[in-house]
There are 2 protein chains.
Amino acid sequence: MRARLLEATVELLVERGFAGTSTTLVSERAGVSRGAQLHHFPTKNDLVVAAVEHLTERRGAELAAAVAELPAGGRRTRAVVEMLGDHFSSPVFAAALELWVAARTDAELLAAVGPLEQRVGREAHRMTVAALGADESRPGVRELVQATLDLVRGLGLASTITDDSARRRRILREWADVLDKELAPCRSPR
Amino acid sequence: MRARLLEATVELLVERGFAGTSTTLVSERAGVSRGAQLHHFPTKNDLVVAAVEHLTERRGAELAAAVAELPAGGRRTRAVVEMLGDHFSSPVFAAALELWVAARTDAELLAAVGPLEQRVGREAHRMTVAALGADESRPGVRELVQATLDLVRGLGLASTITDDSARRRRILREWADVLDKELAPCRSPR
DNA sequence: GAACAAAAAGTCAGGCTTGACTGTTTGTTT
DNA sequence: AAACAAACAGTCAAGCCTGACTTTTTGTTC
């Protein structure tokens, strides 16, 4: 029942945004009575904060699953960045974005979302480093991985109102080529 | 008077977000009566759409001013990307972000914000190409400039809830070095 | 089997926001 | 100078959202 409420909350975040996600709508969508909802989550903030955590777990699981299915061979870097690009253009990202923006002007929400997102960010970083087989001990490598994640975040933001996947693919392909050159373990390119 | 209303709208977008920007607050902040406001902007959407246009002009002007003040010499690429990074971490970006996210789930708003943001994006692209002195006829260069803009957008998004400017600088510095290598006109690095 | 606690269901009032309506001032034209 | 139009000012009712309160059902323990 908790799960149903959280799922409904995430759905409504994607469809109607944070402001459009009223607690009444959530209880209706989840098929849960208003009283039951208020029993589990006394206030809207409680509900949404719990939804953040739920969402975080889903994001982590989806990322891990996507990494596991990566092809081993040749164009691995391209596959990794395309996977990241897809992930950060998914509805899951849209829901997270709603929370992110809402938290910017809501101190209570920020206190809950901030640390969580930081944790997810670190995990995504670890995963990406592992997936790319990058050597973080080399100077600059860590920054380029971070840049990759910030890039897909920016692309994801753009995709929420203009979904130009062809443009995204071209950019990520070029980025992957740059990464391949910069991350190559031998023959320092500098 | 229109200008005061629009300024107040932008301020409130930054401070309280889209949902927190009520028309009543705007009229109070602008020192304009409710009736006067409704005379100029019959609905909230009218007001906010006009604010988008106003904001767009300000963004354009700020970008142009920043470009004009760039040092000519040595580390020009670094200066350009740092300038972009600063710009996309400013309150102006926060206001635009609010509108962006609100437009995602509001068709009427999307119709107004979409084309506008596209125009601004193109202009930013042209400016960046000019500032970097990039040769867009070479394959991949265009994509790398786009990637740079999407990267700063992603960094700006991150900065709205966690303003880690040191991290941003490190990342942009590294990226600037990569850009210098990739955009160098002679000796194709591929 | 009865009693008690916890979960779920329904109702409702208070507060806020929006936009419509009516009155007042200012400026321009004849 | 008068009349008319446009901008401006204030008020208000309808609608929605939130969260508190009351009642009913379910499950567990004695």
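Throughout, a chain's letter reflects where its sequence line sits, starting with A, and its residues are numbered from 1.
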Report task. Looking at every strand, decide which applies to B:Ser22 at a 4.0 Å heavy-atom threshold: base, sugar-phosphate, or nothing. Result -> sugar-phosphate
Query raised in the report: Got a salt bridge between A:Glu7 and A:Arg58, using NZ or NE/NH1/NH2 to carboxylate O under 4.0 Å?
Result: yes
**Report entry** Whole angstrom value for the distance that separates C1' of D:dC17 from CZ of A:Arg16
**Finding:** 13 Å
Query raised in the report: Want to settle it: does B:Val32 or A:Gly20 sit nearer the 5' end of DNA chain D, counting the closest nucleotide to each?
Result: B:Val32
Query raised in the report: Whole-Å distance between D:dA7 C1' and B:His40 NE2?
Result: 7 Å
Report task. Starting from P on C:dA9, measure out to CD on A:Glu28 and report it in whole angstrom. Result -> 13 Å
**Report entry** A:Asp46 CG to D:dA20 C1', straight-line distance once rounded to whole Å
**Finding:** 15 Å
Report summary line: Rounded to whole Å, the CG-C1' distance (B:Leu38 to C:dT17) equals 12 Å
**Report entry** Closest to side chain of B:Lys44, choosing from D:dT18, C:dA9, C:dT18
**Finding:** C:dT18
Query raised in the report: Over how many whole Å does the gap from B:His39 atom NE2 to D:dA6 atom P extend?
Result: 9 Å
Query raised in the report: When you check the phosphate oxygens OP1 and OP2 of C:dT18, does a side-chain N or O of B:Thr23 lie under 4.0 Å from one of them?
Result: yes
Requested in this report: Would you kindly give the CZ-to-P distance between A:Arg34 and D:dC17, to the nearest whole Å?
Outcome: 10 Å
Report task. Calculate the interatomic distance between A:Leu47 atom CG and D:dC17 atom P; express it in whole Å. Result -> 15 Å
**Report entry** C:dA9 phosphate, OP1 or OP2, under 4.0 Å from A:Ser33 side-chain N/O
**Finding:** yes
Requested in this report: Determine whether A:Val26 and A:Leu5 make a side-chain contact, defined as any pair of heavy atoms from C-beta on separated by less than 4.5 Å.
Outcome: yes
Report summary line: With the side chain defined as heavy atoms from C-beta on, B:Ala36 is closest, among D:dC8, C:dT18, C:dG19, to D:dC8
Requested in this report: Map A:Gly35 and A:Thr21 onto DNA chain D by nearest heavy atom, then report which one ends up closer to the 5' terminus.
Outcome: A:Thr21
Query raised in the report: With a cut-off of 6.0 Å (strictly less than), are more than 12 heavy atoms of other residues, nucleotides or ligands near CZ of A:Arg78?
Result: yes
Report task. Give a yes-or-no answer on whether the side chains of B:Thr160 and A:Trp100 include a donor-acceptor pair shorter than 3.5 Å. Result -> no
Query raised in the report: Regarding A:Arg59 and the six-membered ring of A:Phe88, is the cationic atom NZ or CZ under 6.0 Å from the ring centre and inside 45° of its axis?
Result: yes
